Amino acid sequence: NKSDATGVNIPTVSNNISNVAKTDSSLTEDTNLSASGKMDVEAVATAALPAMVQLNGTTTVKNSSYFGYGQSYEATSSGTGIIVGKSDTELLIVTNAHVVDNIDNLKCVFSDGTSASCSVKGSKSDQDIAVAAVSLSDISSDTASNIAIAELEDSSDIKVGQQVVAIGNALGYGQSVTGGYISALNRQVQLTDKTMTLIQTDAAINPGNSGGALLNSKG
C-alpha cells in the first residue's frame, strides 16, 4: 500500500487487468470531436459508463423535537464512484468521502445493473476523497467483462471553456449523463468545516452525482 497526497492509503494496483478495458480504448483523436469541433458526447459516454458505478447505502438520521424528544430513522443514501484500478483480489473505486462516510449496507451497482457489497479502504474527509473496494469474487464473469478502468487526466491541463461530460447517479435514479463547459478554475469555496479549491462547471450536477467523473473529449 502507499499513501497519496491526501493521506488516504491506496492499495498498489497490479498491471494484470485481464479483460478489463480502459475507458479510452474506443476513443481516438479523430472520433471524439465532430467536424465542427464539438465533443462527441455519445462516444465519451459509451466509453466511460462501464467505469462508473452507483454507490448506494443507508444512514441513520436523528431528529430532535422542541421538547427534547428525539427519534431516529433510516434513510437511503446515493452517490457515484469511478473504477480506477484492480488488484489480484479487489476492484478499486474512488469517490467522495461524504458519499461513504457513516454509511451502512454500502453497495456498488455496475453499469450492467448488477450489484455487490462494497467496503471503504480509506477516507480523508478534509479533502472529501475516499477509496472503496469490491471483492472480485463477488463479481460475475459477465459483469467483469463489461467493466472498464478509468483513465485519469492531470487536472492542471484543464482550460476554461473546455467541453466536459459529467457522469453520475443523479437523484439516485441510476447512471446519468450531462454536458457543459469548464466555467472557472481554482474556485475557493468555504464549506461548514473546510475550504476547498474546486473546478466550476455548468454541466448539470444533482444530489447523487457526488463522486462521479468529469470527463474531457478523450473520455
Side-chain angles (χ1 to χ4, degrees), residues 4 13 17 19-55 78-86 91-96 98-99 108-113 127-132 143-189 196-219:
D4 71 356
V13 181
I17 59 172
N19 57 354
V20 178
K22 291 286 188 177
T23 55
D24 67 349
S25 61
S26 62
L27 294 174
T28 69
E29 292 289 346
D30 296 328
T31 60
N32 57 18
L33 293 174
S34 69
S36 63
K38 294 291 187 180
M39 180 189 290
D40 187 340
V41 176
E42 181 181 356
V44 171
T46 299
L49 280 169
M52 307 301 149
V53 298
Q54 305 166 48
L55 294 172
S78 62
T80 308
I82 307 168
I83 300 173
V84 294
K86 176 175 175 281
L91 197 66
L92 302 174
I93 298 163
V94 69
T95 186
N96 286 139
H98 74 264
V99 170
C108 165
V109 182
F110 298 101
S111 59
D112 65 356
Q127 296 293 325
D128 201 16
I129 189 170
V131 174
T143 296
S145 65
N146 291 316
I147 289 172
I149 294 176
E151 289 277 0
L152 301 183
E153 181 64 280
D154 184 346
S155 59
S156 65
D157 294 335
I158 296 174
K159 302 290 191 299
V160 172
Q162 182 178 351
Q163 290 179 273
V164 289
V165 173
I167 296 182
N169 178 19
L171 304 178
Y173 288 125
Q175 286 188 326
S176 59
V177 177
T178 56
Y181 297 87
I182 297 295
S183 304
L185 301 173
N186 302 316
R187 289 295 201 203
Q188 296 290 317
V189 179
M196 301 194 74
T197 303
L198 304 175
I199 299 164
Q200 182 180 347
T201 178
D202 68 345
I205 305 293
N206 293 281
N209 272 91
S210 291
L214 193 64
L215 300 132
N216 63 15
S217 62
K218 298 178 184 179

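Both backbone and side-chain heavy atoms feed into the values below; hydrogens, waters and symmetry mates do not. Keep in mind that this is a model prediction, so the values were computed, not measured.
The closest donor-acceptor contact from the side chain of Asp128 to the backbone of His98 lies under 3.5 Å. Between the side chain of Asn209 and the main chain of Asn206, a donor-acceptor pair closer than 3.5 Å is present. Proximity of a side-chain donor or acceptor of Thr80 to a complementary backbone N or O of Asn169 within less than 3.5 Å is detected.
Smallest separation of non-hydrogen atoms from Met196 and Gln127: CE-O, 3.5 Å. Here the closest heavy-atom approach between residue Asn96 and residue Gly211 is recorded as OD1-N, 2.7 Å. A pairwise comparison of heavy atoms in Ser78 and Gly172 identifies OG-CA, 3.5 Å as the closest pair. Shortest non-hydrogen contact noted between Ala150 and Ala51 is N-CB, 3.8 Å. Heavy-atom minimum distance, Asp202 versus Tyr181: OD1-N, 2.6 Å. Between Val99 and Gly79 the shortest heavy-atom distance is CG1-CA, 3.9 Å.
In this structure, CG on Leu214 lies 11.5 Å from CD on Glu153, to the nearest 0.5 angstrom. Taking CG from Asp112 and OG from Ser145, the interatomic distance works out to 8.0 Å, rounded to the nearest 0.5 Å. Separating the CD1 atom in Ile82 from the CG atom in Leu92 is a distance of 13.0 Å, to the nearest 0.5 Å. The structure places CG of Asn216 at 10.5 Å from CD of Glu151, a figure rounded to the nearest 0.5 Å. Taking CD from Gln162 and CD1 from Ile199, the interatomic distance works out to 9.5 Å, rounded to the nearest 0.5 Å. Atom CD of Gln54 sits about 9.0 Å away from atom OG of Ser176, to the nearest 0.5 Å.
Under the side-chain contact (heavy atoms from CB on, under 4.5 Å) rule, Val44 has a single partner from Leu49, Val165, Val164, which is Val165.
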